[in-house]
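Predicted, not measured: the structure shown is a model, and the values here were computed from it. Just so it is clear, the values below take in all heavy atoms, side chains as well, and ignore hydrogens, waters and symmetry mates. Just so it is clear: chains get the letters A, B, ... in the order the sequence lines come, proteins before strands, and each one is counted from 1.
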Number of protein chains: 2
Amino acid sequence: MSGSSRELPHPDPADLVLTDVLFALSDPARLEITRRLAEGPLEVAACQPVGGDIPKSTLSHHLKTLREAGVVRNVPHGRRRYVSLRRDDLDDRFPGLLAAVLTPALAGEPQDPLRLE
Amino acid sequence: MSGSSRELPHPDPADLVLTDVLFALSDPARLEITRRLAEGPLEVAACQPVGGDIPKSTLSHHLKTLREAGVVRNVPHGRRRYVSLRRDDLDDRFPGLLAAVLTPALAGEPQDPLRLE
DNA sequence: CAAACTGTTCAACTATTATCGAACCATGAG
DNA sequence: CTCATGGTTCGATAATAGTTGAACAGTTTG
């Protein structure tokens, strides 16, 4: 039914701390994940980087950092989990931040190997 | 005269990396410094936190982190140094980011002991 | 030139964070 | 029930970042 256990803790919107959010986003892998989530919720496995082959535990750790900072929500759904961006909460608390950070890398920024396809 | 030596290296505007900037701003002390600089350039000593008593070397280290990320500029001026926010470069490269980050803490955020005066 | 002043750099230490295999734990399928 | 699946948690180790005193380097002043 709906009473799924295995719920993970999430900070209340009012408790979000800017420096924690900035820190969570200051890692290239986590920023990448966040940007991907901007297009819609994903299950954990789908958060893997493009040609990525990072261990499950490492990915889980990054998601934990994002979750504890209040950047993403992680809810159990069947035997999977859906990760989603807490866009409303972030926009409410830190207006403009997400927009600035989600902006695709500008020309010339050595952010990631550009994937053309 | 004007030919001061002792110039410190600063990254070119085009080389600014978003994750580095976010990281530099993810420390409460550095964010505080950045916010103060938003109101105008300061000499290094004036970057001290309010009731602050942190050692010179620690402060210098934080300023170095900010400088290397491209957040601030640090230029020699007589026997002092002026630290200033690289607002134009940041706005140019990451539009909206600075505005979002400089926004005074919203109601309820446990960012700093509220100083009322 | 010598002393005082402002701030950086160095070096050592501590603390936090990242990484990753292995164990574990619900859930859904057979 | 038993097994495979998807993902978290644990524990250990490596890597990075923060803190700080002391040494050092220009600048100005006397």
Side-chain angles (χ1 to χ4, degrees), chain A residues 1-10 17 19-34 36-37 41-49 52-69 71-84, chain B residues 1-10 17 19-34 36-37 41-49 52-69 71-84:
Chain A
M1 204 172 298
S2 60
S4 296
S5 68
R6 220 178 19 146
E7 300 276 346
L8 296 172
H10 294 76
V17 176
T19 49
D20 291 349
V21 172
L22 293 175
F23 179 80
L25 296 173
S26 72
D27 179 89
R30 292 193 294 257
L31 181 58
E32 161 84 18
I33 292 171
T34 303
R36 195 170 311 176
L37 287 174
L42 292 173
E43 51 188 76
V44 171
C47 293
Q48 283 276 2
D53 202 16
I54 73 179
K56 294 193 299 182
S57 53
T58 302
L59 178 58
S60 190
H61 170 259
H62 282 311
L63 291 177
K64 181 181 182 182
T65 301
L66 286 168
R67 174 175 52 82
E68 290 180 340
V71 176
V72 306
R73 191 173 285 110
N74 186 333
V75 299
H77 186 81
R79 93 181 127 181
R80 302 176 177 182
R81 281 173 175 281
Y82 276 122
V83 183
S84 59
Chain B
M1 204 172 299
S2 61
S4 297
S5 68
R6 219 177 18 146
E7 300 277 346
L8 296 171
H10 293 77
V17 176
T19 48
D20 291 349
V21 172
L22 294 175
F23 180 81
L25 297 173
S26 72
D27 179 89
R30 293 193 295 258
L31 181 59
E32 161 84 15
I33 291 171
T34 303
R36 196 170 309 178
L37 287 174
L42 293 173
E43 50 187 78
V44 170
C47 294
Q48 283 274 2
D53 201 16
I54 72 177
K56 294 191 300 182
S57 53
T58 302
L59 179 58
S60 190
H61 172 260
H62 282 310
L63 290 176
K64 180 181 183 182
T65 301
L66 287 168
R67 174 175 51 83
E68 289 180 340
V71 176
V72 306
R73 191 174 284 112
N74 185 334
V75 300
H77 186 80
R79 90 181 129 182
R80 304 175 177 181
R81 280 173 176 282
Y82 276 122
V83 183
S84 59

Answer whether the closest heavy-atom distance between the side chains of B:Val21 and B:Leu25 falls below 4.5 Å.
yes
Rounding to an integer number of Å, can you tell me how far B:Lys56 NZ sits from D:dC24 C1'?
11 Å
From CD of B:Glu32 across to C1' of D:dG18 the rounded distance in Å is 18 Å
Over how many whole Å does the gap from B:Leu59 atom CG to C:dT9 atom P extend?
13 Å
Return the polar atom pairs (N/O with N/O) between nucleotides 17-21 of chain C and the protein under 3.5 Å, or none.
from	atom 1	to	atom 2	distance (Å)
C:dA18	OP1	A:Arg30	NH1	2.9
C:dA18	OP1	A:Arg30	NH2	3.0
C:dT19	OP2	A:His62	NE2	2.8
C:dG21	N7	A:Ser57	OG	3.1
C:dG21	O6	A:Ser57	OG	3.1

Side chains of B:Arg67 and B:Asn74, donor plus acceptor under 3.5 Å:
no
Atom pair distance, as rounded to whole Å: CG in B:Leu22 and C1' in D:dA17:
17 Å
Under 4.0 angstrom between B:Asn74 side-chain N/O and C:dG7 OP1 or OP2
no
Not counting sequence neighbours, which residues clear side chain to side chain contact (heavy atoms under 4.5 Å, CB included) with B:Phe23? List them please.
A:Phe23, A:Ser26, B:Ser26, B:Arg30
Base, sugar-phosphate alone, or nothing: which one does A:Leu8 contact when heavy atoms must sit under 4.0 Å apart?
sugar-phosphate
How many Å lie between CD on A:Glu7 and P on D:dG7, as a whole number?
16 Å
What nucleotide, of C:dG7, C:dT27, D:dT8, holds the atom closest to the side chain of A:Arg81?
D:dT8
Given A:Leu66, which partner from the list A:Leu37, A:Val71, A:Asp27, A:Leu31 fulfils the side-chain contact (heavy atoms from CB on, under 4.5 Å) test?
A:Val71
Less than 4.5 Å apart, side chain to side chain, heavy atoms only: is that true for B:Ile54 and B:Pro49?
yes
Rounded distance (Å) that lies between atom C1' of C:dT8 and atom CD of B:Glu68
12 Å
So do A:Glu7 and A:Pro76 actually touch side chain to side chain, heavy atoms under 4.5 Å?
yes
Are the side chains of A:Glu43 and A:Arg81 in contact, using a 4.5 Å heavy-atom criterion?
no
Taking the side chain as every heavy atom from C-beta outward, state whether B:Cys47 and B:Leu59 have any atom pair closer than 4.5 Å.
yes
4.5 Å side-chain heavy-atom contact, A:Gln48 and A:Ile33:
no
Euclidean distance, atom CZ of residue B:Arg6 to atom P of C:dG7 [Å, nearest integer]:
9 Å
Using the 3.5 Å cut-off, write out each protein N or O paired with an N or O of nucleotides 28-30 of chain C and the distance between them.
none

Which whole-number value in Å describes the distance from B:Leu66 CG to C:dT8 P?
12 Å
